[in-house]
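Heads up, the thing below is written out as structure tokens.
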Amino acid sequence: LKGSHRSPRRLQLEIYHAASHVMAESLVYRGSLAGHRGWVTSIATTYEQSNLVVSSSRDKTIMIWELTPEHEGTIGYARKLLTG
């Protein structure tokens, strides 16, 4: 996972998948998620629910993202938005 800020109104979370090869591991770009309106300050996930990603931003929001399996065509979606 990598957070980037492309414009003042758009957050892009770039999602990578760890692909295991014979002698090495590499990351494969899967896509990006857009949603926050400010800089992303934190990204987290857990081993128990690796399909969920939580991101926080300077726009005072926390977003819970659900990643979809690779064969479904989309990278994922915003499951919940928390403001404060």
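Throughout, residue positions are numbered sequentially from 1 according to the sequence presented.
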Query raised in the report: Are Ile43 and Val53 close enough that some pair of their side-chain heavy atoms sits under 4.5 Å apart?
Result: yes
Report task. Apply side chain to side chain donor-acceptor pair (under 3.5 Å) to the pair Thr41 and Ser56, showing each step before the final yes or no. Result -> CA-CA 6 Å; Thr41 56; Ser56 64; 3.0 Å; yes
Find the distance between [atom1] ([X]) and [atom2] ([Y]) and round it off to the nearest 0.5 Å.
X: Ser57; Y: Arg37; atom1: OG; atom2: CZ; answer: 10.5 Å
X: Leu82; Y: Ile64; atom1: CG; atom2: CD1; answer: 5.0 Å
X: Lys60; Y: Thr83; atom1: NZ; atom2: OG1; answer: 11.0 Å
X: Leu67; Y: Leu33; atom1: CG; atom2: CG; answer: 6.5 Å
X: Glu66; Y: Gln49; atom1: CD; atom2: CD; answer: 8.5 Å

Looking only at non-hydrogen atoms, find the nearest pair between [X] and [Y] and report the distance.
X: Arg79; Y: Leu52; result: NH1-CD2, 3.3 Å
X: Met63; Y: Ala78; result: CE-CB, 3.6 Å
X: Gly31; Y: Ile75; result: N-CD1, 4.1 Å

Query raised in the report: Short question: side chain of Thr68, backbone of Thr74 - any donor-acceptor pair under 3.5 Å?
Result: yes
Query raised in the report: Tyr77 and Val54: same hydrophobic cluster, using ILVMFWY side-chain contacts below 4.5 Å?
Result: no
